[in-house]
Number of protein chains: 2
Amino acid sequence: MAQKSKYCEETETLARYAKALAHPARISIMQFLAKRNTCYFGDIHEELPIAKATVSQHLKELKEAGLIQGEIETPKVKYCINKKNWKKAQALFSDFFNKDFCDRECSC
Amino acid sequence: MAQKSKYCEETETLARYAKALAHPARISIMQFLAKRNTCYFGDIHEELPIAKATVSQHLKELKEAGLIQGEIETPKVKYCINKKNWKKAQALFSDFFNKDFCDRECSC
DNA sequence: AATAATGTTTGTATATTTACGAACAACAAA
DNA sequence: TTTGTTGTTCGTAAATATACAAACATTATT
């Protein structure tokens with residue numbers, strides 16, 4: 001238990017974003033936010049087949065991963081994509097998938 | 001419990017791939033496979049700071065998600081990326097991140 | 001002050017994930 | 001046949017994740 005992180009930072013960050021997106025409800029939320037202008041909690045809840053407490057929980061995870069941010073607009077709460085981190089995630093996934101991998105003998 | 005999947009198939013598939021990548025060990029494995037020609041279990045295990053049983057478990061998850069495939073080459077086991085599904089995942093993530101999202105009033 | 005609207009937090013139950021050692025399986029070599 | 005090499009599977013423990021109802025917090029309205 002000497003070291004805290006055993007993987008390189010970029011790998012950890014990418015895994016963190018992947019984890020945030022590892023549930024269809026959270027993918028749906030991001031897709032919804034991407035195409036919507038105003039994005040209140042209620043609108044998001046309406047789109048999803050789950051209880052509001054669960055929606056709130058998923059939003060919290062996305063927020064903690066840095067992919068979205070919220071703002072109180074009494075009595076509602078407005079959510080939107082955190083563009084800076086969205087771009088960061090985009091870049092990390094892009095790098096990850098665009099590594100040109102060996103086409104040679106790895107023929108299993 | 002009437003419906004089996006409450007989200008659209010593309011969303012489910014994307015979430016499934018994200019989940020497979022939601023751990024730094026599995027990201028590392030994919031990165032390793034991407035750059036290596038021969039890729040035996042032992043080589044992968046050597047790269048990672050975890051027990052072989054755990055490595056085997058992670059490989060199983062990647063295999064079940066369709067991202068890799070294995071082949072016995074007695075007495076070793078050779079793993080490599082499943083190119084078809086890798087491309088599928090690449091396309092799904094690309095579409096997901098390249099949705100041009102609203103730049104207007106969602107200013108939280 | 002009571003009521004309504006909008007979300008968050010709490011409590012809780014269940015399922016899944018992560019990790020490891022030990023046991024096991026398959027095969028080659030001595 | 002015994003031994004060694006390579007991985008997988010099993011058993012198990014601890015941590016996380018997922019889902020919901022109920023309670024709560026906040027602010028506006030009556």
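Owing to the predicted nature of the structure, the values given are computational and were not obtained by experimental measurement. Just so you know, these numbers use all the heavy atoms, side chains as well, and skip hydrogens, waters and symmetry mates.
- Within 4.0 Å of A53(A), counting heavy atoms only, lies at least one base atom of the nucleic acid.
- Ranking dT18(D), dT9(D), dA19(C) by closeness to the H58(B) side chain, first place goes to dA19(C).
- Here T54(A) lies in heavy-atom contact (under 4.0 Å) with a base.
- One can place NZ of K78(A) at 16 Å from C1' of dT6(C), the figure rounded to the nearest angstrom.
- Taking only side-chain atoms of P75(A), from C-beta outward, the nucleotide of dT6(C), dT9(D), dT18(C) with the closest atom is dT6(C).
- The side-chain heavy atoms of E64(B) and R16(B), taken from C-beta on, include a pair separated by under 4.5 Å.
- Rounding to the nearest 0.5 angstrom, the gap separating the OH atom in Y40(A) from the NZ atom in K76(A) is 6.0 Å.
- Atoms CG (L59(A)) and P (dA17(D)) sit 16 Å apart, rounded to a whole Å.
- With hydrogens and angles ignored, no donor-acceptor pair under 3.5 angstrom links the side chain of Q57(A) to the base of dA17(D).
- Candidate nucleotides dA19(D), dG7(C), dT5(D) were compared by shortest atom distance to the side chain of F41(A), and dG7(C) ranks first.
- Residue contacts shown for H45(B) are absent, as no nucleic acid heavy atom lies under 4.0 Å away.
- Checking dC20(D), dT8(D), dT6(C) against the side-chain heavy atoms of K76(A) singles out dT6(C) as nearest.
- Nucleotide dT16(D) holds its P atom 18 Å from the NE2 atom of H23(A), rounded to whole Å.
- When side chains are defined from C-beta on, Y7(A) does not count as touching I27(B), because their heavy atoms never get closer than 4.5 Å.
- Whole-Å rounding puts the E73(A) CD to dT6(C) P distance at 13 Å.
- Looking at heavy-atom distances under 4.0 Å, E61(A) makes contact with sugar-phosphate atoms alone, never a base.
- Looking only at side-chain heavy atoms (C-beta outward), N82(B) and L62(B) stay at 4.5 Å or farther from each other.
- If you take CD1 of I29(A) and P of dT18(D), they are 11 Å apart, rounded to a whole angstrom.
- Distance, I72(B) CD1 to dA25(C) P: 15 Å, rounded to whole Å.
- Within the 4.0 Å cut-off from OP1 or OP2 of dT17(C), at least one side-chain nitrogen or oxygen of K19(B) is found.
- Here the C1' atom of nucleotide dA23(D) and the NZ atom of K52(A) are 10 Å apart, to the nearest Å.
- Here I50(B) lies in heavy-atom contact (under 4.0 Å) with sugar-phosphate atoms only.
- Residues F93(A) and Y17(A) place their aromatic rings such that the two centres sit no closer than 6.0 Å.
- At dT8(D), one or more side-chain N or O atoms of Y79(B) fall inside 4.0 Å of OP1 or OP2 (strictly under the cut-off).
- For dT8(D), one of the phosphate oxygens OP1 or OP2 lies less than 4.0 angstrom from a side-chain nitrogen or oxygen of S56(B).
- Heavy-atom distances to DNA chain D give each of T74(A) and K63(B) a nearest nucleotide, and the one nearer the 5′ end belongs to K63(B).
- Within the model, atoms CG of D95(B) and CD of Q31(A) stand 10.0 Å from one another, a figure rounded to the nearest 0.5 Å.
- The separation between L21(B) atom CG and dT18(C) atom P is 12 Å, rounded to whole Å.
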